[in-house]
Amino acid sequence: MADVSQSGDRVELKGFYPGELEEFVTSLGLEPYRARQIAAWIYNRGSTDFAGMTDLARGVRAKLSQRASILNLEVAARIGADDGETVKYLFELPDGRRVESVLMRDGRRRTLCVSSQVGCPLDCTFCATGRMGLIRNLSAGEILDQLVFVRRELRARGDDLTNVVLMGMGEPLLNYANVVRAIRLMNLDYGLAIGIRRITLSTVGYVPGILRLAREGLKVGLAVSLNAADDALRSRIMSINRRWPIAELLAAVRAYRKRIDRRVTFEYVLLHGVNDSVEDAGRLAALVRDIPCKVNVIPWNPVEDTAFVRPPREAVDRFVRILRNARLTTTVRYSRGVDIAAGCGQLYIRPDAAETASGG
Ligand code: SAH
């Protein structure tokens, strides 16, 4: 059975697989097929209580209310960016901790960037979230509820969520079990029924996690935050590289790609004067040339109290041109919502301030 989290003596159902829900409902003396009905209410329709589950008899609903609960994140703030296309949600978890999710609209695409941890145990020097340290892992239900919540809101307006990226706060592969459970539930028909090709996980390059995910048979998209093309530089800005250097990381990425038969994405945060030279671009191109991939160049988004500089347009263009000339599929992600600190690497909640969210 899942990590059974209980509120009072009630069992928390959000995060249960259909099979586990079945075990639970039969333990209450209900018919097994009730599990599917309940899963559809919880995940698909986003119900937050049993009272509204109208295809269940009143007595059944009452029994469920006594014995079970459905996690429901509170939204503490909802901030829209100037572009009108990006919304940052600040969610409050049952223990009062907070995480952020970012909704981005792009044409017909509605992508939610979800968090997997409160804070992050890594200390990448250019990222705001790393400054929080790791406060705790999110449960599968807490990861999922970011999606359930936003989707319910979109649907109420006749819109819908189409894509998911695990690129919010935290390192997903360091919260492996809960993240994999959440991804499976996003994908399952009795879960959120989001196609696996519309789900992407981004990792700092935690090699054991990538290898384990390759064996999972999940075919979730993989994005890797490479950010530097030589070990000396990468180790300087991302300490994870001291333990798992580039060659090992790329070997894991190759193994993963073979398993899922899908292009991987390399993210490359462009830091002016640090990793944006002509030589850096050439090294990057040479490094990933033989891997079916896409490179996503992200001009650095400002984080307070750091010495980094956002590259000027010309430096970005020059860098991208070199990659494209080397025949690499390259996109530039001018992050959405920088004005509301919702850009990549800007998600941050001051540890001392439960009341205010602060952009990095
Ligand atoms: N921990 C995972 C998931 C977070 S994804 C990972 O590192 O991949 C967040 C992405 O934003 C990563 O690619 C990271 O390298 C990038 N990033 C971090 N700080 C940034 C900043 N200040 N500006 C732009 N991108 C940043």
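As the structure lists them, so they are numbered: ligands from 1, and atoms in each ligand from 1. Positions are given from 1 along the sequence. For the numbers below, each heavy atom of this structure counts, side chains included, while hydrogens, waters and symmetry mates do not.
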Could you note down all residue pairs passing ring pair (Phe, Tyr, Trp, His ring centres under 6.0 Å) where residues 108-152 supplies at least one of them, sequence neighbours left out?
-> Phe91-Phe149
Tell me the ring pair (Phe, Tyr, Trp, His ring centres under 6.0 Å) pairs involving residues 219-264, sequence neighbours left out?
-> Tyr206-Trp244
Pairing of Asp160 and Arg110 as salt bridge, 4.0 angstrom limit | no
In a table with atom names and distances, give each donor-acceptor pair under 3.5 Å that connects a side chain of residues 218-232 to protein atoms at least two apart or in another chain.
unit_1 : atom_1 : unit_2 : atom_2 : d
Lys219 : NZ     : Arg259 : O      : 3.4
Ser225 : OG     : Glu267 : OE1    : 3.2
Asn227 : OD1    : Val269 : N      : 2.9
Asp230 : OD1    : Ala232 : N      : 3.3
Asp230 : OD1    : Leu233 : N      : 3.0
Asp231 : OD1    : Asn241 : ND2    : 3.0
Asp231 : OD1    : Ile246 : N      : 2.9

For Ser202 and Met167, which heavy atoms make the closest approach, and how far apart are they?
-> CB-CG, 3.5 Å
Is it the case that Arg131 places NZ or CZ above or below the six-membered ring of Tyr348, under 6.0 angstrom from the centre and within 45 degrees of the axis?
-> no
Report each N/O pair between ligand 1 and the protein that falls under 3.5 Å, naming both atoms.
unit_1   : atom_1 : unit_2 : atom_2 : d
ligand 1 : 1 (N)  : Gly170 : O      : 3.1
ligand 1 : 1 (N)  : Glu171 : OE1    : 3.0
ligand 1 : 7 (O)  : Ser225 : OG     : 3.4
ligand 1 : 8 (O)  : Ser202 : OG     : 2.6
ligand 1 : 8 (O)  : Thr203 : N      : 3.4
ligand 1 : 8 (O)  : Thr203 : O      : 3.3
ligand 1 : 8 (O)  : Ser225 : OG     : 2.6
ligand 1 : 13 (O) : Ser225 : OG     : 2.7
ligand 1 : 13 (O) : Glu267 : OE2    : 3.2
ligand 1 : 15 (O) : Asn227 : ND2    : 3.0
ligand 1 : 22 (N) : Phe126 : O      : 3.0
ligand 1 : 22 (N) : Trp300 : NE1    : 3.0
ligand 1 : 22 (N) : Asn301 : O      : 2.9
ligand 1 : 23 (N) : Asn301 : N      : 2.8
ligand 1 : 23 (N) : Cys344 : O      : 3.2
ligand 1 : 25 (N) : Cys344 : O      : 3.4

